[in-house]
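Read through the structure below, which is laid out as structure tokens, and then see the notes.
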Amino acid sequence: MVVFPMHWGDAMVAQDQQRCPPKDTQADSLIDAIESASEAFVIWDAEDRMVFCNSRYKSFFAEPEKVRPGVRFDSLVEMNIANTSVTEISLLPAGWDPDQYRRARLDCHNLASDTFIQLRDGRWLQSRERRTREGGIVGVYTDITDRKRAEEALALAKRAAEEANLAKSRFLAAASHDLRQPLHAVGILVSALSARLEEDRQKEIAGQIGECLETVSGLFDALLDISKLDAGVVAPAFAPVPLGPLLKVLRREFMPQAERKGLRLTVLESRLAVRSDAAMLGRILRNFLSNAIKYTESGGVVLGVRRRGAEFRIDVIDSGPGFDPAEAQAVFHEFHRLEGAAAQQGIGLGLSIADRLARLLEHRLEVATQPGAGARFSLYAAPAEATVAAAAPMPAPSRVLSGRRLLLIDDDPEIRRAALLLFEAWGCRCAAASGLEDAAAALERLDGRPEAMIVDYHLKRGRTGDWVAARLAERLGAPVPTVMVTGETAPELLQKVQGLGFPVLHKPLQPMRLRAMLQHLLA
């Protein structure tokens, strides 16, 4: 047995005391730590009497000397009400109501839950209260004023951005509407003139004018497409889309444009089909092809389809200048244009429209490019079984429209004169009116019931095309197939016009589109 000297044992006890200080010393250390914390701290007993709080908690009250152990929580609530030291609490609606504040604050405290409180001096607190095992409550209050101010600044910036975007849309809508009217008349006049020309040189010049108008119309169509997407009036009609016929149509459309630039346009045949909307898919691929030909100065463009796993990938590949891969996502943003001479054409909306249409169709877009090495724009789509029905031959336009009676309602005299010349060139019997007030005289000149009507949506005296069409149907005893024409691009008006139940064409009107729609209505 080993016996330790007494003095050695005393030393051990002294060391133990240093390592484990008395309870009072521990409590003092804990209080000092709580006092130095940046958060406010308070403890309530099971009777809702204060046990302890730090100075930070006292500073939130108008009379901090009254905030001391033994005070009841509801007394502090009444102190807040008396001194109006609290202006807002998240559980209350806007405004100050003492009774509502009293009920809300006591309920929140009794539930020991979290809330947000704004003090009279503008500071914001986040209150966290929790029940103790003895039935009391521990509360921690954090000053989140800086965070709240940052959130408010962010919300303000977001509202400003939304208002700026709305102002942009309104400006584009107003500007495009005013510009569409004269372009609408010019397009109809050029088409009417072309039908009457006999000399090749005259036809060539008219064709060049028509190409210029198509370029301008394309810019307006891009603005219109953005407005339609914003308005939510574009809805895909999903169906199996055989790619072979679509690729042939695209080759026929873009081959003249490629040949004018001395480019090779190669379109590979395909027997595949995808699940998509034929019109929207065509719009995306037309945008890809148009850009590829525009930016490519030598070499060629290839359009083809290949399998990639469970999907089909439709590629448009060009030998153009390419661009920095870092811009691969930015090219799909509105009004983004690449550097270079070719980039000065257009307004940078085409790829943005393609991206938004692809999202509607649940397709995925991909870009692969390098400076000086061309670019590949690709669309991934799910496969579908092709169901190609034998299409009935479309009757020739001259047979469908020749001798048909058409009534035009438009309050612009230039458009009325131009349209009558165009309809006469198609072999139609036609008459025009500015509105319902002179429609009776136009019907007499027509010498019979109109077989189709072309009606402008916005007419004078606040009248709308659907209202005029309904009154004429009452006068004639039955509805007449009607094409509604509009220059509106404001999203809310597009929604309204699109929901009228009429086929809609947008200004500046392309005569071939109008003729195709009339053929469909009258065939």
Side-chain angles (χ1 to χ4, degrees), residues 180-181 184-196 392 394-488 493 496-523:
R180 282 170 188 271
Q181 285 293 104
H184 180 54
V186 170
I188 294 174
L189 282 169
V190 169
S191 185
L193 176 63
S194 300
R196 289 169 169 78
M394 177 66 74
S398 58
R399 292 209 311 270
V400 173
L401 298 181
S402 181
R404 295 301 187 105
R405 291 186 295 275
L406 304 180
L407 176 63
L408 172 71
I409 306 292
D410 196 301
D411 57 7
D412 189 316
E414 294 298 327
I415 291 176
R416 291 200 300 273
R417 283 193 289 270
L420 290 176
L421 290 171
L422 178 64
F423 297 156
E424 288 171 3
W426 290 348
C428 302
R429 298 162 64 184
C430 50
S434 62
L436 189 63
E437 56 276 5
D438 56 345
L443 289 171
E444 288 183 11
R445 292 193 301 273
L446 199 57
D447 193 23
R449 175 189 172 85
E451 296 171 85
M453 296 193 301
I454 303 93
V455 184
D456 191 17
Y457 177 70
H458 264 305
L459 300 168
K460 289 181 179 178
R461 300 179 182 175
R463 301 299 189 192
T464 58
D466 57 317
W467 183 87
V468 171
R471 302 293 80 74
L472 286 173
E474 293 172 357
R475 186 174 296 179
L476 295 168
V480 178
T482 299
V483 177
M484 197 67 61
V485 180
T486 181
E488 296 295 346
L493 287 173
K496 185 175 182 180
V497 175
Q498 212 65 34
L500 294 176
F502 299 101
V504 178
L505 288 176
H506 297 271
K507 300 177 182 179
L509 188 64
Q510 294 185 12
M512 293 304 99
R513 289 185 184 176
L514 175 60
R515 187 171 74 176
M517 189 167 285
L518 289 172
Q519 286 176 228
H520 176 73
L521 290 175
L522 297 174

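Since we're looking at a predicted model, the values are computed, not measured. Every heavy atom of this structure was used, including side-chain atoms; hydrogens, water molecules and symmetry mates were not.
- Taking the side chain as every heavy atom from C-beta outward, Arg513 and Leu505 approach each other to under 4.5 Å.
- Arg417 meets the salt bridge (charged side-chain N to carboxylate O under 4.0 Å, His left out) test with Glu414; sequence neighbours excluded.
- Between Met484 and Phe502 the shortest heavy-atom distance is CE-CD1, 3.5 Å.
- Proximity of Trp467 to Leu459: side-chain heavy atoms (C-beta onward) are nowhere separated by under 4.5 Å.
- Contact between Ala431 and Leu446 at its shortest, heavy atoms only, is N-CD1, 3.8 Å.
- Contact annotation: the side chain of Ile454 approaches that of Leu514 to within less than 4.5 Å [non-hydrogen atoms, C-beta and beyond].
- Among all heavy-atom pairs drawn from Pro479 and Ala473, the shortest one is CA-CB, 3.8 Å.
- Listed by first then second residue, pairs satisfying salt bridge (Lys or Arg N to Asp or Glu O under 4.0 Å) with a partner in residues 431-441 number zero, not counting sequence neighbours.
- Using a 4.5 Å heavy-atom cutoff, the side chains of His520 and Met517 are not in contact.
- Val455 and Gly465 make their closest contact through CG1-CA, 3.5 Å (heavy atoms, listed as atom of the first residue, atom of the second, distance).
- Partners of Arg416 by side chain to side chain contact (heavy atoms under 4.5 Å, CB included), not counting sequence neighbours, listed by chain and number: Leu408, Asp410, Pro413, Ala432, Ser434.
- Listed by first and then second residue, the salt bridge (Lys or Arg N to Asp or Glu O under 4.0 Å) pairs involving residues 467-482 are Arg471-Glu474 (not counting sequence neighbours).
- Among pairs with a residue in residues 439-448, none fulfils salt bridge (Lys or Arg N to Asp or Glu O under 4.0 Å), at least two apart in sequence or across chains.
- Arg449 contributes a side-chain N or O that, together with a main-chain N or O of Leu476, makes up a donor-acceptor pair within less than 3.5 Å.
- Annotation: side chain of Ile409 is not in contact with side chain of Asp456 (no heavy-atom distance under 4.5 Å).
- Taking CG from Leu407 and CG from Leu472, the interatomic distance works out to 6.5 Å, rounded to the nearest 0.5 Å.
- Partners of Glu424 under the salt bridge (charged side-chain N to carboxylate O under 4.0 Å, His left out) rule, at least two apart in sequence or in another chain, are Arg196.
- Contact between Pro450 and Val480 at its shortest, heavy atoms only, is O-CG1, 3.6 Å.
- To the nearest 0.5 Å, the span separating SG on Cys428 from CG on Leu401 amounts to 4.5 Å.
- Separation of atoms OG1 (Thr482) and CG (Leu500) is listed at 11.0 Å; rounding is to 0.5 Å.
- Rounding to the nearest 0.5 angstrom, the gap separating the CG atom in Leu443 from the CZ atom in Arg405 is 10.5 Å.
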